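Predicted model only: the values in this text are computed from it and were never measured. As the structure lists them, so they are numbered: ligands from 1, and atoms in each ligand from 1.
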Amino acid sequence: MVGFTGVSKSYGTVRAVDGLDLHLHPGETVALLGPNGAGKSSTLDLLLGLRTPDSGRVEVFGTTPRQAIARGRVGAMLQSGCLMQEVTVRELVRLACDLHPHGYPVDEVLERADLTEIAGRKVNKLSGGQEQRLRFAFATAGASDLIVLDEPTTGMDVSSRQSFWGSMREQARQGRTILFATHYLEEADEIADRVIVLHRGRVLADGSSAEIKAMAGVRRISFTLDGPPDEAALRALPALTGLDVAGRTVRMRSTDADATVHAMYGLGLYPRGLEVAGLGLEQAFLAITDAATTPEEA
Ligand SMILES: Nc1ncnc2c1ncn2[C@@H]1O[C@H](COP(=O)(O)OP(=O)(O)OP(=O)(O)O)[C@@H](O)[C@H]1O
Ligand SMILES: [Mg+2]
């Protein structure tokens, strides 16, 4: 339903999207992760036909992005872009509903975006989080099959964020496909069926959040020792990728926890309260993107 085939896009000498192959399946909720400048917004802009690729092809519902949008099949919430000022929230939402080929009733859209109470307010008087909710109302003003959201919850407070994702889950239950870029990894972890990590315009990892965590392959090991830790000895343990000693508490990272722990006992150390755990999505993400940044680039 959405297909990127060998898509590249540069701005001058900056390669924002680099030979991207990406396919979305109907009904998926997909999170797009990546550090600042990874190419998330550029990818979404290409998908929405706001930019044209230098090479490769972008297809949306078997046609061009612009045609798919004209047919009302795609709703979008962009990271930037001004809202019309000096009109009320209701007037602007009505415009969005009227423009959509399969628009919903205005009141329904206002309610869903939690805007009913401030429907009479001028757009230029809204707070940052309220503006985000208005952008969300735009994305859901009509029955679209695909909803594209670029960092939708930036600036929203906790309860707005929760009600936002509540209504997104409802959209997903109705069979909509959702693609969203975010820096909130817990959102990706909780909401998405599939997580795609972008870095320098390429896909670094693509899978469920559990798979992404496993892909990082790193385990955290922590314990305390009876006496002061011998840092040099610990540092020489096999498969170690990180060491942090605070008093008698030791935290390590290892790519092979079995080997590391085994060697530790071999040194005659007796760790107490030994814990071995996988990484959270956030740490997995950092491990994956760090590994992709070679030292001369960093
Ligand atoms: N209009 C533009 N002109 C020149 N360079 C651009 C333009 N838009 C984006 N870039 C560059 O392209 C790269 C990718 O930018 P993009 O906005 O896609 O990143 P992003 O992943 O959305 O980042 P963020 O998390 O900060 O939103 C960056 O290096 C950025 O500086
Ligand atoms: Mg962006």
Side-chain angles (χ1 to χ4, degrees), residues 2-24 29-58 60 65-66 69 74-83 128-129 131-136 138-139 146-156 161 164-165 168 178-192 194-207 209 212 281-294 296-298:
V2 169
F4 278 66
T5 315
V7 174
S8 294
K9 176 75 191 173
S10 299
Y11 307 104
T13 55
V14 179
R15 215 153 214 242
V17 178
D18 190 5
L20 192 68
D21 286 301
L22 184 66
H23 297 270
L24 299 188
T29 299
V30 182
L32 205 52
L33 297 181
N36 290 138
K40 301 180 298 296
S41 295
S42 301
T43 299
L44 299 183
D45 287 353
L46 288 162
L47 164 50
L48 296 170
L50 297 171
R51 298 190 185 278
T52 29
D54 300 331
S55 58
R57 204 174 70 241
V58 181
V60 182
R66 278 177 180 272
I69 288 167
V74 186
M77 182 168 168
L78 299 178
Q79 189 173 18
S80 54
C82 289
L83 292 165
E131 271 189 22
Q132 280 300 91
R133 271 146 56 187
L134 182 54
R135 291 203 168 89
F136 169 57
F138 254 76
L146 170 67
I147 302 178
V148 177
L149 310 154
D150 198 353
E151 300 192 26
T153 56
T154 302
M156 285 188 195
R161 198 174 291 177
F164 172 83
W165 285 118
M168 274 301 124
I178 299 169
L179 174 63
F180 68 100
T182 186
H183 287 291
Y184 297 111
L185 298 164
E186 70 274 12
E187 289 186 341
D189 208 3
E190 278 172 33
I191 316 272
R194 182 176 164 197
V195 176
I196 296 173
V197 181
L198 279 189
H199 188 60
R200 297 178 194 279
R202 294 186 204 188
V203 175
L204 266 194
D206 182 350
S209 76
I212 303 282
L281 186 60
E282 184 152 9
Q283 286 153 323
F285 167 76
L286 287 174
I288 291 170
T289 51
D290 280 354
T293 310
T294 57
E296 62 270 24
E297 283 177 311

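- Distances from atom 29 (O) of ligand 1 to the heavy atoms of N36, V14, T13 put V14 nearest.
- Residues H199 and P35 approach most closely at ND1-CG, 3.6 Å, considering heavy atoms.
- Considering backbone and side-chain N/O atoms, G34 never comes within less than 3.5 Å of an N/O atom of ligand 1.
- Those atoms of ligand 1 with a heavy atom of S41 less than 4.0 angstrom away are 17 (O), 18 (O), 20 (P), 22 (O), 27 (O).
- For the residue pair D21 and V203, the shortest heavy atom distance occurs at O-CG2, 4.2 Å.
- Closer than 4.0 Å to atom 7 (C) of ligand 1 lies at least one heavy atom of the protein.
- Of all the atoms in ligand 1, the ones that sit under 4.0 Å from a non-hydrogen atom of R51 are 1 (N).
- For R51 (side chain) and D45 (main-chain N/O), no donor-acceptor pair under 3.5 Å exists by modelled atom type.
- With hydrogens left out, the protein atom closest to atom 18 (O) of ligand 1 is S42 OG, 2.6 Å, a heavy atom.
- For ligand 1, the atoms sitting less than 4.0 Å from at least one non-hydrogen atom of E151 are 24 (P), 25 (O), 27 (O), numbered in the order shown with element in parentheses.
- What sits closest to atom 11 (C) of ligand 1 on the protein, heavy atoms only, is Y11 CD1, 3.7 Å.
- Minimum heavy-atom separation, L46 to V58: O-CG1, 3.9 Å.
- Put simply, the side chain of L20 reaches to within 4.5 Å of the side chain of L198, judged on heavy atoms.
- Closest heavy-atom contact between I212 and G207: CD1-N, 3.8 Å.
- In terms of heavy-atom proximity, I288 sits nearest to A205 at CD1-CB, 4.1 Å.
- The ligand atoms of ligand 1 that sit less than 4.0 angstrom from a heavy atom of A16 are 12 (O), 13 (C), 14 (C).
- Smallest separation of non-hydrogen atoms from Q132 and M77: O-CE, 3.2 Å.
- Among the atoms of S42, none of the N, O or S atoms falls under 2.8 Å from the Mg ion (ligand 2).
- Counting protein heavy atoms only, atom 14 (C) of ligand 1 is closest to G37 O, 3.4 Å.
- Using a 4.0 Å threshold on non-hydrogen atoms, atom 31 (O) of ligand 1 does not count as touching the protein.
- With a heavy-atom cut-off of 4.0 Å, K9 does not touch ligand 1 at all.
- Under the 4.5 Å side-chain criterion, counting only non-hydrogen atoms from C-beta, T43 is not in contact with K9.
- Remark: ligand 1 and H183 share an N or O pair separated by less than 3.5 Å (distance only, no angle test).
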